[in-house]
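Below: the structure, in structure tokens.
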Amino acid sequence: MRNREHRDLFPGALEMMILRTLKRQPLHGYALAQYIKQTSNDLLQIEEGSLYPALQRLLKEELVKAEWGVSCTNRRVRIYRLTAAGTKHLEREVSRFEKMLDGITRVLAPGEL
Amino acid sequence: MSWIQQLFSRRRLYDELSEEIRAHLDEKIEELVARGMPRKEAVASARRDLGNLTLLEEDSRAVWRWPSAEDFFMDIRYGLRTLARNPGFTAVAVLTLALGIGANTAIFSLMNAVLLRSLPVKNPSQLVLFGASKWGGIMDEVPSRSWQLFSFPFYRDVQADKSVFTDVTAMESMSNDVHGIIGQSSESEAIQARLVSGTYFSTLGVHPILGRTFTEDDDRIPGGSPVAVASYAWWKRRFGGDPSIIGKKMSVGPTVYTVIGVAPAEFFGTTVGESPDVWVPLSMQELLPPGWKGLHDKLFQSLYIIARRKPGVSVEQAQANLNLRFQQFLHEIIGSRPTQKQLDDIQRAFIELTPGALGISRLRAQFSKPLRILMAAVGLVLLIACTNIANLLLARATNRQREIAVRMSIGAGRMRVIRHLMTESFLLATLSAILGFAFATWTSKLLLLMVSAGAQTLPLSVAPDSRVLLFTLLVSLVTPLLFGMAPAWRAARIELNSSLKNGLSAAPVHSPLAKALIVAQVALSLVLLIGAGLFLRTLVNLANVDMGFNKNSVLLFQIEPASVGYKEDSRLARLYEQIEQRVTAVPGVQAASFSMFTFHQGSWSEDAWAQQESPEVKSNREILYNKVGTGFFSTLGLPLVAGRTFDLRDTANSLKVAVINETMARRFFPNMSPLGRTFRFGGPDAKLENDRTVIGVVKDAKYMSVKERRWPAAYLPYSQEVGYLWDFEVRYSGEAGSVVAAIREAIRQVDPRIPVTGVGTLAEEVDRSVVDQRLTAQLSSVFSIVAVFLACMGIYGLMSYSVVHRRNEIGIRMALGAQHGQVLRLILRQGFLLAAAGVAVGVALAFVLTRFLGSLLFDVRPVDPVTFVCVACLLMLVSLAACYLPARRAMRVDPVVALRYE
């Protein structure tokens with residue numbers, strides 16, 4: 001498989017953040033990008049475009065669904081919302097991520113070096 | 001959403017995606033503008049933040065696809081479009097390749113039919129042949145070496161023993177081409193019959209489509225099974241496929257046979273290249289003309305034996321067991337008081353089991369080597385075709401640099417570009433394979449005609465079967481790897497920046513790859529040309545061999561009195577004499593004679609002994625015999641050297657006489673006149689009545705093949721040696737057609753019932769004897785010409801291309817005062833160097849490779865200097881000619897135009 005998405009994140013991280021954001025409220029692509037950017041305090045360098053392949057993957061796995069609507073700036077946009085399966089998936093992923101983070105933190109923790 | 005729905009709704013999905021991304025971009029631009037950024041800057045910034053749009057869309061879409069499969073189909077669509085856009089290139093490439101693939105497939109079809117295809121029988125791999133089955137005829141000596149022909153008693157012996165073989169069958173090695181009367185018909189007709197044992201069909205596991213076949217019981221009583229199994233082809237041809245053939249009567253010679261069954265369509269027997277009309281049980285041997293009497297004779301060895309190995313018994317075990325039995329059998333033959341020599345002889349006797357799956361074939365022995373050589377040659381042609389196309393692709397890749405650069409700059413990876421270019425190559429190969437396959441089905445029939453070299457085409461199926469199909473498929477998969485890989489690799493390794501800016505960059509002529517390809521082409525075609533040259537010289541040498549007889553203006557007939565009841569007695573000799581007299585009286589006929597054999601029709605050899613023989617004879621006393629009529633020597637134009645030939649004085653009751661050839665005279669009667677002296681045929685141990693008195697000496701001749709060594713030979717008059725004679729020769733003058741009709745009429749006047757067949761000429765027979773040599777020479781010539789043509793196209797193409805690319809340089813040179821001649825030399829020199837390198841490599845290669853042709857050459861050494869030098873010069877000339885046109889174009893370059901072009 002080719003892998004041309006040079007992102008700083010580990011695989012699945014972007015999807016997780018999208019799901020988390022959508023859990024708060026349904027959003028369309030641009031808004032989603034803006035939100036993630038702002039909430040991460042611009043710490044995470046996400047190429048805006050990489051959102052779309054990720055969204056398509058989520059759509060395919062039926063973790064989110066999309067419908068056309070009108071945005072607050074009066075544009076025709078596609079609004080994504082979380083499905084039940086998406087909610088479950090998010091929970092699973094978050095707990096997995098936390099475990100992993102916990103592990104990493106322990107290793108990195110300043111102890112008897 | 002199931003994947004099927006996905007597949008159908010995808011177009012909508014993609015459109016929505018594009019719209020969404022566009023909307024995203026617009027929204028961002030609006031926002032930036034609202035924040036006070038100038039619109040132009042905002043657009044650039046938005047795009048930068050979003051990333052590579054095309055790639056993005058592609059990646060998003062990729063989520064929905066089966067990526068590799070769909071890329072593949074997309075590549076194919078794109079490839080087809082590209083090929084269609086360049087009809088010239090496509091046509092040249094496809095035609096070149098189709099020629100190569102077609103020729104390969106055609107030769108392979110023939111090779112498949114002759115060398116590879118298994119018999120259409122049950123489990124052919126279990127079958128074993130006793131000996132290599134390369135001989136045919138009757139051997140009546142006690143076996144003393146690896147043995148191939150066996151007697152009926154030995155077959156019965158092996159067949160009764162079930163320890164290593166489940167089934168054993170025997171078949172007559174000689175064919176019974178008889179004439180018979182079918183049903184109530186008034187005319188006799190030719191029937192090709194084969195004598196086989198009762199176990200034949202059951203051993204092979206061949207079941208009749210109508211009626212029944214033979215059983216073991218049919219082997220028991222000599223003359224007791226007047227039945228026949230018809231072949232499918234004969235049933236269709238002679239009876240129109242009428243099922244009432246079962247029970248039909250067929251009278252041949254003294255016997256009336258009943259047809260009891262029809263063999264399946266694909267079953268042609270066990271000999272490749274034959275298709276008998278009927279099979280008759282071996283027990284009928286003495287009654288089926290010509291009526292061999294060998295059923296009870298342990299030394300009448302004329303049968304091939306095929307056996308089916310017991311499961312679990314290895315070939316080695318079977319062979320060990322069989323040879324034990326064979327030795328026992330031989331001890332019975334030589335009796336209870338053998339001489340030491342006999343014991344030594346049979347000690348060396350041995351049966352080698354060979355795989356029987358392919359059946360028996362003398363065609364295989366004859367054509368195995370030529371076909372392999374031709375397959376190699378035609379493979380080289382394909383290789384040259386591949387290098388040609390590789391060069392075309394290289395040139396095209398140079399022209400397509402900008403396209404490729406664009407594709408890469410919008411995000412196509414290098415592997416993607418290579419895959420795309422390779423798809424084009426595979427497409428080219430597939431198109432060519434389809435075309436080539438069609439071409440091959442037609443040419444393989446032509447090849448079969450060439451192999452047959454006679455009035456009748458060999459009954460051999462060269463129609464493509466699954467193996468041929470697989471071969472073509474394989475070739476079409478391998479060729480694109482050969483010609484497409486390097487150019488694709490190279491094309492994908494471009495400098496993006498410079499390519500986009502300049503369009504055309506480095507000319508392919510500067511690429512070492514292109515040069516190497518040309519050198520390889522020239523070298524390979526040189527090898528082919530040298531091979532063809534050697535074969536042509538061989539053919540010329542063969543045609544110039546002194547045959548010893550005059551092959552022109554001699555007609556050959558086969559006359560078969562056995563079918564109408566003539567026995568081997570004095571009545572037969574009288575019949576022959578009468579026919580000879582009648583025919584000689586026909587206007588336009590100069591001489592006519594019966595003989596046992598003529599050139600290439602077979603031979604009879606036996607030992608001879610003479611009191612005065614030279615010592616060299618002791619190690620090999622085998623000589624050739626022939627029974628002939630009084631007019632034989634004048635019919636064939638065999639010059640008499642001393643004494644006289646046969647005449648009416650030589651009768652059944654007079655002194656037994658012989659005419660011998662010069663080699664026999666020299667070996668058996670050294671330094672003396674052989675006239676009046678005697679020799680004994682059969683060797684020193686033979687009976688006294690085998691003594692023959694020499695009355696004449698004739699010149700040596702060729703007897704079996706053009707290539708044979710000098711054979712000692714003796715001719716005996718048929719008036720003194722009664723027996724069937726297979727050939728009737730007539731020397732004529734004038735027009736053959738009317739003479740043939742008159743001869744037939746003359747024979748009819750003697751006995752209207754006698755079948756006359758096989759009208760041909762001696763010259764044709766001589767031609768037929770070198771058919772394998774002619775096939776090799778003709779085909780290799782054609783292949784080498786094609787190869788040279790392809791190589792020239794390659795050189796021409798490359799030089800033309802180089803001239804286009806060097807136009808500026810040439811323009812400058814001319815502006816600086818270079819003369820036309822100098823420019824011409826400049827380009828020619830470039831071509832000359834390439835061709836010379838190719839010739840040098842080719843000569844070295846040919847030195848190594850022609851050694852493998854050894855046995856196929858005649859009177860010419862594999863490294864024949866004349867052929868090597870001539871071919872090398874020829875190829876240099878031709879390649880320079882191919883450079884000349886582009887060079888002339890270079891000469892005409894107008895410096896002003898060339899410089900402005902920059």
Side-chain angles (χ1 to χ4, degrees), chain A residues 1-9 11-12 14-15 18 26-38 40 42 44-81 83 85-86, chain B residues 1-3 5-7 9-10 12-35 45-71 408 410-419:
Chain A
M1 269 311 286
R2 55 185 172 181
N3 183 13
R4 281 175 303 178
E5 292 156 42
H6 305 288
R7 42 183 191 193
D8 298 328
L9 303 172
L14 184 59
E15 279 88 344
I18 293 172
L27 283 172
H28 72 283
Y30 179 70
L32 195 60
Q34 296 310 312
Y35 181 83
I36 292 179
K37 233 181 185 171
Q38 280 160 21
S40 70
D42 284 337
L44 295 174
Q45 286 298 319
I46 301 172
E47 209 176 46
E48 282 176 32
S50 62
L51 212 59
Y52 289 95
L55 277 171
Q56 296 297 316
R57 275 193 290 277
L58 294 174
L59 265 179
K60 190 179 182 205
E61 283 157 41
E62 295 178 19
L63 301 177
V64 301
K65 60 187 175 191
E67 54 204 27
W68 289 95
V70 177
S71 75
C72 46
T73 51
N74 241 354
R75 289 170 186 281
R76 194 175 117 83
V77 294
R78 206 138 69 130
I79 297 169
Y80 294 87
R81 68 180 73 242
T83 64
Chain B
M1 219 181 329
S2 82
W3 64 269
Q5 281 170 318
Q6 279 180 23
L7 214 57
S9 58
R10 232 158 39 186
R12 196 170 51 80
L13 271 171
Y14 292 172
D15 287 346
E16 285 180 351
L17 190 70
S18 310
E19 190 183 338
E20 195 179 1
I21 292 175
R22 253 198 325 278
H24 179 120
L25 210 56
D26 288 348
E27 201 172 342
K28 175 130 196 179
I29 294 166
E30 290 303 320
E31 203 183 302
L32 291 175
V33 171
R35 274 197 228 149
S45 164
R47 278 185 183 272
R48 202 168 44 242
D49 282 357
L50 197 61
N52 183 336
L53 258 182
T54 321
L55 189 58
L56 201 64
E57 273 194 51
E58 209 168 88
D59 280 348
S60 307
R61 283 184 205 153
V63 172
W64 299 101
R65 298 187 317 182
W66 311 322
S68 41
E70 291 196 26
D71 280 357
M408 286 178 84
I410 58 174
R414 183 186 299 165
M415 273 324 282
R416 191 80 185 75
V417 170
I418 290 180
R419 214 170 65 189

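Naming convention: chains lettered A, B, ... in sequence-line order (proteins, then strands); numbering from 1 in each chain.
Closest approach of B:Asp26 to A:Arg75, counting heavy atoms only: CB-NH1, 3.6 Å.
The distance from the CD atom of B:Glu30 to the OH atom of A:Tyr30 is 10.0 Å, given to the nearest 0.5 Å. One finds the CD atom of B:Glu31 at 5.5 Å from the CD atom of A:Gln34 (value rounded to the nearest 0.5 Å).
Residue B:Glu16 touches chain A through both its backbone and its side chain, counting heavy-atom pairs closer than 4.5 Å. There is no contact between A:Ala31 and chain B, counting heavy-atom distances below 4.5 Å.
The only member of B:Glu20, B:Glu27, B:His24 that meets side-chain contact (heavy atoms from CB on, under 4.5 Å) when paired with A:His28 is B:Glu27.
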